[in-house]
Amino acid sequence: MKAVVKNTEANVKEVSLKRNKRSFWQTFIQQKYLYMMSVPFIILVLIFNYFPLWGWTMAFQDYKPARSFTEQEWVGFEHFIQLFSDERFYLALRNTLGMSLLGLTIGFVMPIIFAVLINEVRINFLKRTVQTITYLPHFVSWVVVAGIVTKMLSIDGGVINELLISWGMIDKPVQFMAKGEYFWGIVVAADIWKEMGWNAIIFLAAIAGIDPQLYEAAKVDGAGRLRRIWHVTLPGIRPTILVLLILNIGHLTTIGFEKQLLLGNPLVVDFAEVLDLYALNYGIGLGRFSYGTAIGIFNSVVSIILLFIANGIFKRYANQSVM
C-alpha cells in the first residue's frame with residue numbers, strides 16, 4: 001500500500017513538473033516580444049550592477065593599481081579588521097544611522113501627508129500649481145540647495161535668524177552651520193524640502209487608483225473628510241506605503257554623501273561624516289582602494305540584511321513584501 005502511495009505521489013510530481021515546463025514555454029512563446037524588450041534592461045543591470053561585484057576582490061587584497069590581478073597580494077580580512085578597529089568608522093556609522101532614521105521617520109511620512117492634503121484640494125488650478133512648485137526643487141542640484149540653505153541660516157542677513165530675532169525667540173544670530181547638534185536636523189529638513197513633492201508622486205498615483213465609490217459610500221454613511229482619509233485613503237495606499245518602507249529600510253546605511261559633503265564644514269565634521277564620506281576620505285582619498293572597497297562591502301551586506309529582515313517582518317505581520 002505504501003509503495004502504491006509513493007508511486008502515485010511521484011507520478012503526480014512528474015506530471016506537475018511537465019505542466020510547469022510546458023506552461024512556461026507556452027507563456028514564453030506568447031509573450032516573446034515582451035521578453036525581447038526586457039533584454040536590453042537585463043544587460044544594463046548585469047553590466048552596471050553585477051559585473052562590478054568582481055571588484056569586491058580588492059577588499060581581500062593589498063591592491064596596487066600598477067599590478068595585474070594575479071600579481072596582487074592577498075591579505076584576507078585584514079582590511080575588515082582595520083575597519084572595525086577604527087573609532088572614526090563607528091562615528092561615521094552613528095551619523096549614518098542617525099540621519100537615516102530621521103529621514104525614515106520624518107522624511108518618509110511627510111510625502112504621505114502632503115499627498116493626502118493635495119488630494120483633498122478641490123480647486124484644480126491651485127492643486128496643479130502647488131504640485132508643480134513642490135516638484136521643482138527635485139531638479140535643483142544639491143550644490144545650489146546647499147548654497148540656499150547656507151545663506152538662509154547665515155548670521156549675516158540670514159532669513160531664519162532675522163525671523164527668530166523679530167519674533168523675540170533669540171537675542172542674537174545663531175551660527176547654525178557651526179553647531180554639530182543642529183547638523184542632522186538641517187540635512188533632513190533640506191532633504192524634505194527638496195524631495196517631498198517628488199516623493200509624493202507615487203502616493204498620489206496610488207490614491208488615484210482608489211475606487212471613488214468607496215468615498216461615496218463613506219460619505220453616505222456620514223463619514224466626514226478626516227474619517228474618509230483615515231478609513232478609505234490611508235488603507236487604500238497601505239500596500240504602496242509598506243513596499244516603499246521596506247525598500248527604504250534596506251537603504252539605511254547607503255544615504256550617499258553629497259548633502260553631508262556640501263553642507264558640512266570642519267566645525268561639524270564629527271556629525272557630518274557618514275559611511276560613504278568616510279570611504280571617500282579614508283579610502284579613495286588616501287589611495288587605500290582596498291580599504292574603501294571593504295567599507296562598500298560592509299554597506300552592501302548590511303543593506304541586504306536589513307532588507308531581508310524588514311521584508312520578513314512585514315510579510316509575516318502585515319502580509320506585504322517585495323519578494
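When reading the values below, keep in mind they use all heavy atoms of this one structure, side chains included, and skip hydrogens, waters and symmetry mates. Values in this document were obtained by computation on a predicted structure and should not be read as measured data.
Here CG of Leu280 is found 7.0 Å from CG of Leu261. Values are rounded to the nearest 0.5 Å. Here Ile313 contributes atom CD1 and Leu242 contributes atom CG; the two are 12.5 Å apart, rounded to the nearest 0.5 Å. Distance CG/Asn199 to CG/Asn248: 8.0 Å, rounded to 0.5 Å. To the nearest 0.5 Å, atoms CZ (Phe41) and CD1 (Ile43) are separated by 11.0 Å. Taking CG of Asp62 as the reference point, atom CD of Glu78 lies at 7.0 Å (rounded to 0.5 Å). In this structure, CG on Leu244 lies 5.5 Å from CZ on Phe108, to the nearest 0.5 angstrom.
Under the 4.5 Å side-chain criterion, counting only non-hydrogen atoms from C-beta, Ile112 is in contact with Ile237. Using a 4.5 Å heavy-atom cutoff, the side chains of Phe271 and Tyr182 are not in contact. Side-chain contact between Val130 and Phe114 is present, with at least one heavy-atom pair separated by less than 4.5 Å. For the pair Val116 and Leu234, the minimum side-chain heavy-atom distance is below 4.5 Å. Between Leu263 and Met177, some side-chain heavy-atom pair lies under the 4.5 Å cut-off.
Checked against ring pair (Phe, Tyr, Trp, His ring centres under 6.0 Å), Trp56 has no partners two or more places apart in sequence or in another chain. In this structure Ala223 satisfies the side chain to side chain contact (heavy atoms under 4.5 Å, CB included) test together with Ala218, Arg227, Arg228, sequence neighbours excluded. Partners of Thr70 according to the side chain to side chain donor-acceptor pair (under 3.5 Å) rule, which considers only residues two or more places apart in sequence or in another chain, are Ser68. Applying the ring pair (Phe, Tyr, Trp, His ring centres under 6.0 Å) criterion to Phe69, with sequence neighbours excluded, gives Trp54, Trp74.
Hydrophobic clustering (side-chain heavy atoms under 4.5 Å, transitive across Ile, Leu, Val, Met, Phe, Trp, Tyr) keeps Ile192 apart from Val109. Put simply, Met36 and Leu34 are part of two different groups of oily side chains (I, L, V, M, F, W, Y) that touch within less than 4.5 Å, one to the next. Criterion: ILVMFWY side-chain heavy atoms under 4.5 Å apart, direct or through other members. Under it, Ile249 and Leu247 are part of a common hydrophobic cluster. There is a path of hydrophobic side-chain contacts, each under 4.5 Å, that joins Val140 to Val188.
Applying the salt bridge (Lys or Arg N to Asp or Glu O under 4.0 Å) rule to pairs touching residues 116-132 yields Glu120-Arg122, Glu120-Arg225, sequence neighbours excluded. Applying the ring pair (Phe, Tyr, Trp, His ring centres under 6.0 Å) definition to pairs two or more places apart or across chains, those involving residues 132-161 are His138-Trp198, Phe139-Trp198. Contacts classified as salt bridge (Lys or Arg N to Asp or Glu O under 4.0 Å) and involving residues 132-154 (residues at least two apart or in different chains) are not found. Applying the ring pair (Phe, Tyr, Trp, His ring centres under 6.0 Å) test to every pair with at least one member in residues 199-258, sequence neighbours left out, gives no pairs at all. Applying the salt bridge (Lys or Arg N to Asp or Glu O under 4.0 Å) rule to pairs touching residues 178-201 yields Asp191-Lys259, sequence neighbours excluded.
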Check: residues 153-165 side-chain donor-acceptor pairs under 3.5 Å, at least two apart:
{"from": "Ser154", "atom 1": "OG", "to": "Asp156", "atom 2": "N", "distance (Å)": "3.0"}
{"from": "Asn161", "atom 1": "OD1", "to": "Val174", "atom 2": "N", "distance (Å)": "2.8"}
{"from": "Asn161", "atom 1": "ND2", "to": "Leu153", "atom 2": "O", "distance (Å)": "3.4"}
{"from": "Asn161", "atom 1": "ND2", "to": "Ser154", "atom 2": "O", "distance (Å)": "3.0"}
{"from": "Asn161", "atom 1": "ND2", "to": "Val174", "atom 2": "O", "distance (Å)": "3.2"}

For residues 284-310, which side-chain donor-acceptor pairs fall under 3.5 Å, sequence neighbours excluded?
{"from": "Arg288", "atom 1": "NH2", "to": "Gln82", "atom 2": "OE1", "distance (Å)": "3.3"}
{"from": "Ser290", "atom 1": "OG", "to": "Met58", "atom 2": "O", "distance (Å)": "2.8"}
{"from": "Ser290", "atom 1": "OG", "to": "Gln61", "atom 2": "O", "distance (Å)": "2.7"}
{"from": "Ser290", "atom 1": "OG", "to": "Tyr63", "atom 2": "N", "distance (Å)": "3.0"}
{"from": "Tyr291", "atom 1": "OH", "to": "Tyr278", "atom 2": "OH", "distance (Å)": "2.6"}
{"from": "Thr293", "atom 1": "OG1", "to": "Phe289", "atom 2": "O", "distance (Å)": "2.8"}
{"from": "Asn299", "atom 1": "ND2", "to": "Asp276", "atom 2": "OD1", "distance (Å)": "3.2"}
{"from": "Ser300", "atom 1": "OG", "to": "Gly296", "atom 2": "O", "distance (Å)": "3.1"}
{"from": "Ser303", "atom 1": "OG", "to": "Gly250", "atom 2": "O", "distance (Å)": "3.3"}
{"from": "Ser303", "atom 1": "OG", "to": "Thr253", "atom 2": "OG1", "distance (Å)": "3.2"}
{"from": "Ser303", "atom 1": "OG", "to": "Asn299", "atom 2": "O", "distance (Å)": "2.8"}

What pairs of donor and acceptor atoms, side-chain ones from residues 92-107 against any protein atom, are under 3.5 angstrom apart with sequence neighbours left out?
{"from": "Arg94", "atom 1": "NH2", "to": "Asp270", "atom 2": "O", "distance (Å)": "3.0"}
{"from": "Asn95", "atom 1": "ND2", "to": "Leu91", "atom 2": "O", "distance (Å)": "3.3"}
{"from": "Asn95", "atom 1": "ND2", "to": "Asp270", "atom 2": "O", "distance (Å)": "2.9"}
{"from": "Asn95", "atom 1": "ND2", "to": "Glu273", "atom 2": "O", "distance (Å)": "3.0"}
{"from": "Thr96", "atom 1": "OG1", "to": "Ala92", "atom 2": "O", "distance (Å)": "2.7"}
{"from": "Thr96", "atom 1": "OG1", "to": "Leu275", "atom 2": "N", "distance (Å)": "2.9"}
{"from": "Ser100", "atom 1": "OG", "to": "Thr96", "atom 2": "O", "distance (Å)": "2.7"}
{"from": "Ser100", "atom 1": "OG", "to": "Leu252", "atom 2": "O", "distance (Å)": "2.3"}
{"from": "Thr105", "atom 1": "OG1", "to": "Leu101", "atom 2": "O", "distance (Å)": "2.9"}
{"from": "Thr105", "atom 1": "OG1", "to": "Leu102", "atom 2": "O", "distance (Å)": "3.2"}

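Although no hydrogens or angles enter the test, the distance criterion places a donor-acceptor pair under 3.5 Å between the side chain of Ser38 and the main chain of Tyr35.
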| message | As a quick check of understanding, evaluate side-chain contact (heavy atoms from CB on, under 4.5 Å) for Leu204 and Gln131, giving each step before the final call. | response | CA-CA 10 Å; Leu204 287 170; Gln131 283 180 295; 3.1 Å; yes
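Between Ala272 and Gly264 the shortest heavy-atom distance is CB-CA, 4.3 Å. Counting all heavy atoms, side chain and backbone alike, Gly236 lies closest to Ile210 at CA-CD1, 3.9 Å.
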